[in-house]
Every structure is written in structure tokens, then in C-alpha cells.
2 protein chains.
Amino acid sequence: MRGFLRSKVRVLTASSPTISPPDQHYDDLANRLRSIGQRATPQRLLVLAAFQDAGEHLTADEIYARISERSPTVNRSTVYRTLETFRDLGVIAETDLGGGVRRYQLLDHERHHHLVCHDCGDIIDLDDDVLEPIRRAAAERYGFSAEIDHLAIFGRCQFCRGDE
Amino acid sequence: MRGFLRSKVRVLTASSPTISPPDQHYDDLANRLRSIGQRATPQRLLVLAAFQDAGEHLTADEIYARISERSPTVNRSTVYRTLETFRDLGVIAETDLGGGVRRYQLLDHERHHHLVCHDCGDIIDLDDDVLEPIRRAAAERYGFSAEIDHLAIFGRCQFCRGDE
DNA sequence: GTTGTAGATGCGATCATTCGCATCTGAAGC
DNA sequence: GCTTCAGATGCGAATGATCGCATCTACAAC
Ligand SMILES: [Mn+2]
Ligand SMILES: [Mn+2]
Ligand SMILES: [Zn+2]
Ligand SMILES: [Zn+2]
């Protein structure tokens with residue numbers, strides 16, 4: 001366990017060319033966590049690295065599987081708790097895109113949302129500007145600050161609408 | 001089992017003054033189901049009756065508990081499956097209001113949504129009109145028909161915003 | 001470098017929800 | 001009424017997600 005952690009820290013703090021968005025590497029990720037009063041544990045850095053390496057809309061189990069390959073002692077609960085923490089910190093978004101499993105996405109790209117067809121399952125990107133009227137109404141009417149990071153709106157796409 | 005069902009049908013088909021919204025009684029509910037090609041099983045009528053009797057924003061387990069009191073043979077899975085069916089039919093809305101449990105609400109009142117403060121848990125009603133811009137954008141840009149029945153938007157209420 | 005400690009992790013139990021499958025039944029047709 | 005069978009239910013197992021608690025560790029203070 002101690003061995004695992006030490007070796008992981010070594011791997012994680014080595015700069016790496018595979019870490020892409022905003023050209024960050026692991027040291028930066030660790031400092032980013034520390035700067036917001038969070039501990040930079042190896043497990044947390046592994047979760048962030050999984051997002052960098054893999055695509056978007058990952059499930060907790062996809063992240064866990066990816067991490068387990070190289071770090072078999074990391075626990076599934078820790079992955080869930082880390083995702084919860086990152087979600088609360090605004091580092092990632094948690095979204096139910098249908099299919100009964102929650103999916104997670106890094107929030108370092110431009111903010112966007114999705115239209116999800118519950119007939120064919122197609123997922124359409126939706127620009128964030130369409131949510132401004134809601135944010136404005138919530139703020140003006142109730143002084144409420146709406147935090148809508150990555151919304152999934154269900155309905156029927158143009159092709160499935162013609163079907164019936 | 002057979003006895004239970006027969007007696008339940010008797011109870012359920014008796015007109016009752018406790019069934020309120022749109023002045024319907026159980027026969028009407030059964031016919032409403034049949035008219036859309038669905039079977040009017042005693043279990044389904046019990047789920048609908050639970051919504052009529054109890055308040056809003058019920059969890060599956062609250063509905064199950066209510067039904068079990070008088071009809072102990074009804075199964076939890078059936079309640080879940082019935083809620084899923086009714087949700088797909090547009091009879092009820094399924095919403096995650098935080099707290100990790102999904103909540104269900106009859107869709108016979110005027111359509112509305114909620115602002116949920118993730119600091120204090122307060123739930124504010126939000127009129128449906130604020131969602132029109134999204135529906136319009138989805139339709140105009142993508143021909144997508146958005147079905148937003150009972151949305152929960154998370155964020156921070158005016159009181160918790162001042163706290164930090 | 002050592003120490004102290006708040007906070008994170010591993011682990012197993014538990015909760016919320018879904019699924020497979022054998023059985024049962026609502027309701028349509030006769 | 002009786003028959004028929006697609007579809008609904010009960011049941012138990014499986015999956016997704018959370019929690020309690022003992023142990024461990026990141027990192028701040030010295
Ligand atoms: Mn996305
Ligand atoms: Mn409501
Ligand atoms: Zn479609
Ligand atoms: Zn609040």
C-alpha cells in the first residue's frame with residue numbers, strides 16, 4: 001500500500017505529454033487541487049488523469065476500470081467519492097444521459113448541454129446560450145444562482161418525430 | 001392472491017370521494033389506462049390512488065409503503081415498473097430533487113419546475129414559461145421536441161449566496 | 001525530518017433501482 | 001361464460017451508488 005502510493009506519486013508528478021487540455025501536467029493538477037484547499041491524493045490525480053486520457057461522458061465504472069488496470073488497490077468507493085467531490089467543486093459535471101447510469105465530464109472545455117432522444121438515443125450538442133433565459137429568470141425572480149453545468153434534456157429528435 | 005385481486009378490484013371500482021383532481025374516480029382512472037392501450041391492473045390503480053391520497057414529490061418507497069399497508073402482496077419491483085410505465089406515458093414525472101432518491105409527481109396540475117438550493121435544500125417553485133426559450137431553440141435549431149415535465153435546477157438560493 | 005491531525009481511503013454492509021424468468025391475468029374474441 | 005396469450009406480476013439476484021467505521025496519509029507546523 002505504501003509502496004503503491006509512493007510509486008504512484010512518482011509517476012503522477014512526472015511531467016507527461018499525454019495530459020492535454022490547457023497544456024497542464026500532473027504537478028499543475030495537484031496544485032490546482034491544493035489551491036482550493038483539497039488534498040492532492042494519488043487517487044484523485046488518477047481520476048483526473050482518466051478524464052484527460054479517455055473521452056467524455058464517462059461512467060464511474062469506466063473510470064474505475066481504467067484506473068484499476070495500473071493501480072489495482074484503488075477502491076471503487078474512492079472513485080465514487082472522488083467524483084462526488086469534484087462535482088461539488090465544479091471540476092466535473094454529473095449528468096444522467098439515460099440508460100440508468102450517471103456520466104461524468106470534465107468542465108474545462110466550453111460549457112455545453114445535450115438534447116437526448118429517448119426513442120433512438122441520439123445525443124445532440126446544445127450551446128449554453130439557450131440556458132441564459134432560465135438563469136436570468138431564476139436570478140431576477142428569486143435571487144437564485146442557477147448552476148447548470150451540463151444538462152440533458154430528453155425528448156424526440158426530428159427523425160423519430162416523423163415515425164408516429 | 002386471487003382473493004386479494006378480486007377484493008382490490010371491488011374497492012378500486014367503487015366510486016370514492018377521496019379521489020380529487022379533475023373529479024375523477026377509480027373507474028375513470030381504469031378507463032383512462034385502457035384508452036391508451038394499457039391494462040388497468042389493481043397494482044397500477046393502487047399507485048395512482050397513492051398519488052391522489054398523498055402529497056407530491058413521492059419516492060418509490062413512500063408509494064410502496066402506502067400500498068403495502070392495505071395490500072401486502074404487491075411487490076416493490078411492480079411499483080418501480082409501474083412508475084417507469086407511467087413516466088413513459090407522461091402520467092407522472094420523475095425528478096431527482098437531490099438526496100439521492102428519485103421523486104415522482106402526478107402531471108395533472110399545471111406544469112411547473114423547481115429551483116433547489118444545494119446548501120440549505122430549499123425548493124422554490126418555478127413557472128413553466130421560463131422553459132419556453134429552450135423548447136423553441138431545440139425545435140428551431142434541431143427539430144427536437146423537448147419534453148421537460150418537471151425539471152429540478154440546482155444552485156444557491158438568495159440566502160445561502162450571502163453566506164460566503 | 002518529525003509530529004499531529006483533519007481529512008481521505010479501503011472494506012464491507014446497505015440502500016436504490018433494474019433485470020431475468022417462471023407464473024399469472026386482463027381483456028379481446030368467440 | 002370460456003379460451004387464449006401478450007403483457008404484467010412476484011420473486012430473487014444483480015447492478016449502481018452510498019455509508020459507517022477502522023485505518024492511513026497529506027500536509028501544515030515545528
Ligand atoms: Mn457533454
Ligand atoms: Mn413539483
Ligand atoms: Zn430519435
Ligand atoms: Zn439555500
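Within every chain, numbering begins at 1; the chains are lettered A, B, ... in the order of the sequence lines, protein sequences first and strands thereafter.
B:I36 has its CD1 atom 18 Å from the P atom of C:dG26, to the nearest Å. Straight-line distance from the CZ atom of A:R34 to the C1' atom of C:dA8: 14 Å, rounded to whole Å. Rounded to whole Å, the distance from CG on A:N75 to P on D:dA17 is 15 Å. Per the geometry, CD belonging to B:Q43 stands 13 Å off C1' belonging to C:dT23, to the nearest Å. Rounded to whole Å, the distance from CZ on A:R39 to P on D:dA28 is 9 Å. One atom, CG of B:L45, and another, P of D:dT9, lie 10 Å apart when rounded to the nearest Å. A straight line from CD of A:E94 to P of D:dT18 spans 7 Å, rounded to a whole angstrom. Spacing between atom CG of A:L29 and atom P of D:dA26 amounts to 17 Å, rounded to whole angstrom units.
The shortest distance between the side-chain N/O atoms of B:T78 and the OP1/OP2 oxygens of D:dG10 is below 4.0 Å. Note on A:T41: a side-chain N or O is less than 4.0 Å away from OP1 or OP2 of C:dT9. At the phosphate of C:dG26, neither OP1 nor OP2 sits under 4.0 Å from any side-chain N or O atom of B:Q38. Phosphate proximity of C:dT18 to B:Y80: absent, as no side-chain N or O sits under 4.0 Å from OP1 or OP2.
Mapped onto DNA chain D by nearest heavy atom, B:S77 and B:R44 fall at different nucleotides, with B:R44 at the one closer to the 5' end. Residue-to-nucleotide proximity on DNA chain D shows that, of B:T82 and A:R76, the 5′-proximal contact is made by B:T82.
In the model, B:D61 has no side-chain atom that pairs as donor or acceptor with a side-chain atom of B:T59 under 3.5 Å.
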| Pair A:H57-A:H150, ring pair (Phe, Tyr, Trp, His ring centres under 6.0 Å): steps then yes or no | CA-CA 10 Å; A:H57 298 174; A:H150 189 240; 5.1 Å; yes
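At a threshold of 4.5 Å between non-hydrogen side-chain atoms, the residues B:E84 and B:E94 do not count as touching. Looking only at side-chain heavy atoms (C-beta outward), A:I92 and A:D149 stay at 4.5 Å or farther from each other. In this structure, B:H113 and B:L131 have side chains that are in contact, with non-hydrogen atoms separated by less than 4.5 Å.
Taking five base pairs at each end of the helix from C:dG1-D:dC30 to C:dC30-D:dG1, the local helix axes there meet at an angle of 40°, rounded to 10°.
The base of D:dG16 lies outside donor-acceptor range of the side chain of A:T59, with no N or O pair under 3.5 Å. Residue-to-nucleotide contacts include no donor-acceptor pair under 3.5 Å from the side chain of A:T73 to the base of C:dG10.
A donor-acceptor contact shorter than 3.5 Å is absent between the side chain of A:R34 and the backbone of A:A40.
Here B:R81 lies in heavy-atom contact (under 4.0 Å) with a base.
To the nearest 0.5 Å, the span separating SG on B:C157 from CD1 on B:I124 amounts to 6.0 Å.
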